[in-house]
Undergrad: 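Have a look at this one.
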There are 2 protein chains.
Amino acid sequence: MDKPVTIYDIAKKVNASAATVSRVLSNSSYPVSLEMSKKIRKVAEELKYSPNMLGRQLKKNNSMTIGVIIPSISNPFYSEIVLGIEEVARNNGYHVLLCNTHQSLELEHEYLQTLIEKQVNGLIISSVILNKDMLSEYIRRKINVVSIDQMIEDADIYQIGFDYRKGGYMATSHLIAKGHRKIAFVTAPLDRPSRKGTYRGYLEALEDYGIKPLESWLQVSERGEEGIEGGTWEFAIGKKLTQRLLSLEQRPTAIFACNDMIAFGVINELNNQGIEVPGEMSVIGFDNIEMTQMIYPPLTTIGHPKYEMGRFAGNMLFDLLKGVESNIKEVVLQPKLIERKSVEVLLDEER
Amino acid sequence: MDKPVTIYDIAKKVNASAATVSRVLSNSSYPVSLEMSKKIRKVAEELKYSPNMLGRQLKKNNSMTIGVIIPSISNPFYSEIVLGIEEVARNNGYHVLLCNTHQSLELEHEYLQTLIEKQVNGLIISSVILNKDMLSEYIRRKINVVSIDQMIEDADIYQIGFDYRKGGYMATSHLIAKGHRKIAFVTAPLDRPSRKGTYRGYLEALEDYGIKPLESWLQVSERGEEGIEGGTWEFAIGKKLTQRLLSLEQRPTAIFACNDMIAFGVINELNNQGIEVPGEMSVIGFDNIEMTQMIYPPLTTIGHPKYEMGRFAGNMLFDLLKGVESNIKEVVLQPKLIERKSVEVLLDEER
DNA sequence: CTGTTAGCGCGTTCAA
DNA sequence: TTGAACGCGCTAACAG
């Protein structure tokens, strides 16, 4: 109802100046007599004073806010990353402005723009479009940015990535070690560094073991329509690509999905067609999202330290904000094989 | 590197006043000659001017930001709601400041505080602690709040809820209609209006059909430890409570879980113990999160319009912000039975 | 149509 | 230890 109370209102009540009130209520190190300090705090309480951060932020040119740009929070992969970032931000007294691009370039540009206008102190981004040229814009504006998950090659930028190639190699060689030779790779479009890396790992493993893959064992979906991106869409392409695979003359004995959501689609379709997992078909996923432990059979997959990646990125960013210049600009987190129940040994006679 | 450019810098370059520049660049309706307007825009472009919203916001006393407080974004139930809110916010030119309380009262209070300080224009909250008394605080500060999902009784507040009681009734009577009489209810602690409602619906359905439930068929977990709340925890309690149920002399023939994550735990444990779903045990969930379609067997559940709830709440809030006083303060969304494959008819002789 | 002035709420000189 | 004055960047009121 009433006008918001400001430091001037308090100053008037205690016969002091706004400057003194400010010094007390912003916990400044500036000396103020204990008596006065107490009086001010008491009145502030009575008047239910709440500081207007816009004033402080404008003055200090510091919004105490960081921006986070990701494809979609409804994707459990990203929600875990965000959780990690948020925790670090909170511990540093910062807030997070979250932006979901839904894979739209337009939206990503728009958000980038408004984040700058809102004077965020830093930016953590998992982007499909960010490139070297765009970075200079941020540097010019003194905004620190940390890129995550999707590596930007040759850019002098802080980034924390994940070794997708090695992960792809691990998954594939695990299947090979279990006796599989006919290994399909089911994936969303190879338009991102991460997926390209995983695919490369798949190919390298096959080559190292002297296996020549059939071309039809690489199943790439078309680009998803905007809007229905996310879990449901990936699940759907997992199903669709599996149908194609099953209609092949030369069926694979194992399927490697480029992420867990797609793997769920693969398993679901196999179930639908009465093909037992892992008895008749082995399946391996990628990312180790929480749900992988909850389905039946529990999914064998490649562990991706999502939460830690968020924390890492957050810590890196706040180090930068504090001026702790680090000489390591690039961190690459490592994959880890998580064996569960969706992969089975293939006996020689079954090959 | 260089100092950020302000409207004054532009004004100097074009020999105009800052006011004129402001009028042009903020798309004010105030008349400015086309010539001048063009010149200003050109120079703004050259200098790569980007407005500092803090200045505008302080002046206008409007942060163009709304706050959203929920338990955790990593819970798919909430991430869908947030997606709905975010869409509406974006269409209205607003940003969302997201806060995850992780079920901690302290954190919720802390966030509430900082949101006020950051001068959010409105608040959408799914809270466990919000009560009538706290609301006056917001009203006093002219902050519009819309409460979602967890109804606050007897409060003169805008809220958009869901009929959990009816949902509970639906789920239970569906099981009854399929011939079940021994129906267990597996739930997280009944400390929230939503869960209490669901439980009440369960009891009422049983009573209407003249079924006296065994006390042991109500299985309530202890409170979860902080931090490990969320999907994994709920999954775990689903498993644990199922173990208890199976050790009973009088086993139920169907299990009703208070949400889908718990239902996943139930099914997983049943699988582990070699009990077939739905052949030997029917299971029904609640919420209809995306994953329910992705597991095997697909989960029969009660549909909760999460995304729509988010959109509804967002629209309601923005109506308030625009001054469109509505006379409906309370909306209750309706449940819907989603039949899939986890419930089977129980024949008479099996009872 | 344009410019001058004032002030949003706060923190920081500088002087007392 | 305190206060007066100024300015962060922007917009609204008023005057011309």
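Excluded from the calculations below are hydrogen atoms, water molecules and symmetry mates; all remaining heavy atoms, backbone and side chain alike, are included. Chain identifiers are assigned alphabetically (A, B, ...) following the order of the sequence lines, protein sequences preceding nucleic acid strands; residue numbering begins at 1 within each chain. Keep in mind the model is a prediction, meaning the values are calculated, not measured.
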Undergrad: Could you tell me the separation between the CG atom of A:Leu47 and the P atom of C:dG9, rounded to a whole number of Å?
TA: 14 Å

Undergrad: What is the bend of the helix from C:dC1-D:dG16 to C:dA16-D:dT1 when you compare the axis at one end with the axis at the other, using five pairs each and rounding to 10°?
TA: 40°

Undergrad: Which distance, rounded to the nearest 0.5 Å, do you find between the CG of A:Leu115 and the CE of B:Met53?
TA: 11.5 Å

Undergrad: Measure the CG-NZ distance between A:Asn52 and B:Lys118 for me, rounded to the nearest 0.5 Å.
TA: 12.0 Å

Undergrad: Categorize A:Met36 for me: base, sugar-phosphate, or nothing, with a 4.0 angstrom heavy-atom threshold over every strand shown.
TA: sugar-phosphate

Undergrad: When rounded to the nearest 0.5 angstrom, what is the spacing between CD1 in A:Ile152 and CD1 in A:Ile157?
TA: 4.0 Å

Undergrad: Hey, could you give me the CD1/CG distance between B:Ile10 and B:Leu47, rounded to the nearest 0.5 Å?
TA: 6.0 Å

Undergrad: Taking the nucleotide of DNA chain C with the nearest heavy atom to each, does B:Asn61 or B:Ser33 sit closer to the 5' end?
TA: B:Ser33

Undergrad: Could you check whether atom OH of A:Tyr111 has more than 12 heavy atoms from other residues, nucleotides or ligands sitting under 6.0 Å from it?
TA: yes

Undergrad: For nucleotides 11-16 of chain C, read 5' to 3', which letter fits each nucleotide if B means a protein heavy atom sits under 4.0 Å from the base, S means only the sugar-phosphate is that close, and - means neither?
TA: BBBBB-

Undergrad: Quick check for you: to the nearest 0.5 Å, what is the distance between B:Ile73 atom CD1 and A:Ile73 atom CD1?
TA: 4.5 Å

Undergrad: Rounded to the nearest Å, what distance is computed from the CG atom of residue B:Leu58 to the C1' atom of nucleotide D:dC8?
TA: 9 Å

Undergrad: Measure CD1/B:Ile40 against P/C:dG3 and give the value in whole Å, please.
TA: 8 Å

Undergrad: Once you round it to whole Å, what is the distance between P of D:dT11 and CD of A:Glu117?
TA: 11 Å

Undergrad: Give every residue pair that meets the salt bridge (Lys or Arg N to Asp or Glu O under 4.0 Å) criterion with at least one member in residues 60-89 of chain B, sequence neighbours excluded.
TA: B:Glu87-B:Arg311

Undergrad: Could you tell me the separation between the NZ atom of A:Lys12 and the P atom of D:dA4, rounded to a whole number of Å?
TA: 13 Å

Undergrad: Measure the CG-CG distance between B:Asn62 and A:Leu54 for me, rounded to the nearest 0.5 Å.
TA: 9.5 Å

Undergrad: Taking atom P of D:dG9 as reference, at what distance in whole Å does atom CD1 of B:Ile10 sit?
TA: 13 Å

Undergrad: Between D:dG9 atom C1' and B:Leu54 atom CG, what is the distance in whole Å?
TA: 9 Å

Undergrad: Under 4.0 angstrom, heavy atoms only, what part of the nucleic acid is A:Asn15 near: base, sugar-phosphate, or nothing?
TA: sugar-phosphate

Undergrad: Using a heavy-atom cut-off of 4.0 Å across all strands, would you classify B:Asp9 as base, sugar-phosphate, or nothing?
TA: nothing

Undergrad: Would you check, one step at a time, whether the test side-chain contact (heavy atoms from CB on, under 4.5 Å) holds for A:Asp149 with A:Arg192?
TA: CA-CA 10 Å; A:Asp149 203 48; A:Arg192 309 228 253 265; over 6 Å; no

Undergrad: Would you indicate, yes or no, if D:dG3 has its OP1 or OP2 atom less than 4.0 angstrom from a side-chain nitrogen or oxygen of A:Ser17?
TA: yes

Undergrad: What nucleotide among D:dG9, D:dT1, C:dC10 has an atom nearest to a side-chain atom of A:Pro31?
TA: D:dT1

Undergrad: Given atom NZ of B:Lys118 and atom P of C:dG9, what is their separation to the nearest angstrom?
TA: 18 Å

